[in-house]
Amino acid sequence: MPEQPSDVAPPSSVAALLEEIVDIGTDQTRGGYSRPVYSGAELDLRDWFIEHATRRSLDVETDRNGIIWAWWNPTGAPLRDAVVTGSHLDSVPGGGAFDGPLGVASALAALDQLRRDGLRATRPLGLAVFPEEEGSRFGVACLGSRLMAGDIDPVKAARLVDDDGITFAEAAERHGLDPSGLGRDEEALSRIGTFVELHVEQGRGLVDLGQPVAVGTSVLGHGRWRLRITGQGNHAGTTLMDDRRDPMVAAGAIITAIRDVARAQPQARATVGRIVPVPGGTNVIASKVDLWLDVRHPDDAVTAAVVADIAGRAAAIASTEGCATHLVEESVSPTVQFDAGLRDRLGAALPDAPRLATGAGHDAGVLSAHLPTGMLFVRNPTGVSHSPDEHVPDADAEAGATALATVLRGLLGA
Ligand code: GLV
Ligand code: MN
Ligand code: MN
């Protein structure tokens with residue numbers, strides 16, 4: 001017998017769902033939230049999601065790449081050509097409350113709305129949670145979706161290390177995964193017919209447009225490189241200034257040069273958000289410094305040229321300090337245009353929603369190379385993200401979930 005609205009619990013509000021996790025992973029030192037993949041905080045969030053999915057009688061599984069799936073399949077049809085929505089629960093260090101969890105909570109709230117309304121879905125609906133979207137622990141952005149899609153060598157992924165020297169394989173194993181199972185998952189991919197990710201907007205587009213929700217059009221190409229500057233570790237008191245080969249001094253000048261290179265290239269963004277001196281003592285001249293470089297531009301060839309320019313300038317600057325450089329590409333995601341047909345469908349379902357491009361990376365961007373993918377963005381009045389200042393008012397969060405339910409209704413009922 002089809003599910004009746006009276007069989008299902010009243011819909012949860014997004015704000016109420018997010019309130020339940022407000023204390024998980026708070027970071028007293030940095031402010032905001034630090035929820036790295038497979039940390040205690042992220043595992044608690046996964047449990048929170050699984051608990052909600054179970055309470056809703058969804059079929060829940062964690063696949064061999066650590067992606068959680070929760071299926072609503074009222075017709076009992078084979079899991080093929082499903083509509084999937086979801087996001088991630090890991091965060092950057094000291095991040096905001098909404099980047100990732102908003103999309104997960106909205107998926108639950110949208111499902112509740114569809115069931116309350118007695119939707120007779122003709123396709124299964126999947127709710128998904130992707131691990132290590134931020135790449136904050138193991139360095140590679142969107143690691144879970146890349147693994148599923150076969151966009152990263154699983155052997156390389158297994159060997160990625162965190163700051164404590166723990167490999168991704170070890171972390172995955174501690175979480176009950178078999179590292180030999182990492183990698184392209186044809187079965188998981190074949191189940192997804194359409195993927196729609198709702199996400200907090202990470203800029204000011206919707207604030208300026210005066211709208212709560214937008215339809216995503218594109219994801220800016222983004223990449224990460226690690227620039228190692230090698231010098232001579234030595235004593236801070238006994239080494240005269242003229243006798244030093246100090247990679248921290250080179251790093252300072254290189255960071256300024258990186259800013260200058262990006263400024264000279266319209267639409268380019270280049271960031272050094274993480275600098276790791278070794279050994280990292282106050283009275284120690286570092287022996288080496290790793291700069292983590294994030295470069296983005298709409299044209300992937302320009303991104304490559306910007307990185308090449310940075311590499312040349314860094315080598316020249318380092319040599320004036322008696323140091324050497326070595327640049328390693330960690331991950332690159334090309335610029336993505338979302339599926340035009342799906343984008344138009346989302347636009348038709350949400351006629352007031354403007355179209356918006358994003359400069360942030362998303363699992364939806366990775367998946368869009370493999371299947372029709374779209375995004376919805378929800379207004380963030382501060383325009384700030386990857387920071388505790390990121391915000392979504394409750395009313396906009398509800399507007400987002402309702403917009404998601406509207407587009408899912410169209411996709412599921414068709
Ligand atoms: C993730 O949010 C990114 O844009 O790096
Ligand atoms: Mn995100
Ligand atoms: Mn993010």
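Reckoned from all heavy atoms, side chains included, excluding hydrogens, waters and symmetry mates. Every number for a ligand or one of its atoms is a count from 1 in the order of the listing.
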Any atoms of ligand 1 less than 4.0 Å from a non-hydrogen atom of Ala360? List them with their elements.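 Those atoms are 4 (O).
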With heavy atoms of His386 as the reference, note each atom of ligand 1 found under 4.0 Å away.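 With His386 as reference, the close atoms of ligand 1 come out as 1 (C), 2 (O), 3 (C).
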Could you check whether any heavy atom of [X] sits closer than 4.0 Å to an atom of ligand 1, since that is the contact criterion I want to use?
X      : result
His222 : no
His88  : no
His362 : no

Identify, for [atom], the protein heavy atom at the shortest distance, and state residue, atom and that distance.
atom                   : result
atom 4 (O) of ligand 1 : Gly361 N, 2.6 Å
atom 1 (C) of ligand 1 : Glu134 OE1, 3.2 Å
atom 5 (O) of ligand 1 : Arg296 NH2, 2.8 Å

Does [X] come within less than 4.0 Å of [Y], counting only side-chain N to carboxylate O?
X      : Y      : result
Arg409 : Asp117 : yes
Arg146 : Glu132 : no
Glu330 : Arg226 : yes

Filter on ring-ring contact (aromatic ring centres under 6.0 Å, His included), then keep only pairs touching residues 23-63, sequence neighbours left out; what's left?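 Matches after skipping sequence neighbours: Tyr38-His175, Trp48-His52.
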Taking 2.8 Å as the cut-off, does an N/O/S atom of Asp99 lie below it from the Mn ion (ligand 2)?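 So Asp99 counts as coordinating the Mn ion (ligand 2), yes.
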Assess His199: does it contribute an N, O or S atom lying under 2.8 Å from the Mn ion (ligand 2)?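 Yes, since at least one N, O or S atom of His199 sits under 2.8 Å from the Mn ion (ligand 2).
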Residue that, paired with Arg137, satisfies salt bridge (Lys or Arg N to Asp or Glu O under 4.0 Å) out of Asp162, Asp90, Asp163: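 Single pass found, and it is Asp162.
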Which label fits His362 and Phe377: parallel for a plane angle under 30°, tilted from 30 to 60°, or perpendicular past 60°?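 Tilted, since the angle between the ring planes falls between 30° and 60°.
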Which atom, counting only N, O or S, brings Glu134 closest to the Mn ion (ligand 3)?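 Output for this pair reads OE2.
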Any donor-acceptor pair under 3.5 Å linking the side-chain atoms of Asp99 with those of His386?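 Yes.
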Which one of Phe338, Phe130, Trp69 satisfies the ring-ring contact (aromatic ring centres under 6.0 Å, His included) criterion with Phe195?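 Single ring-ring contact (aromatic ring centres under 6.0 Å, His included) partner of Phe195 among Phe338, Phe130, Trp69: Phe130.
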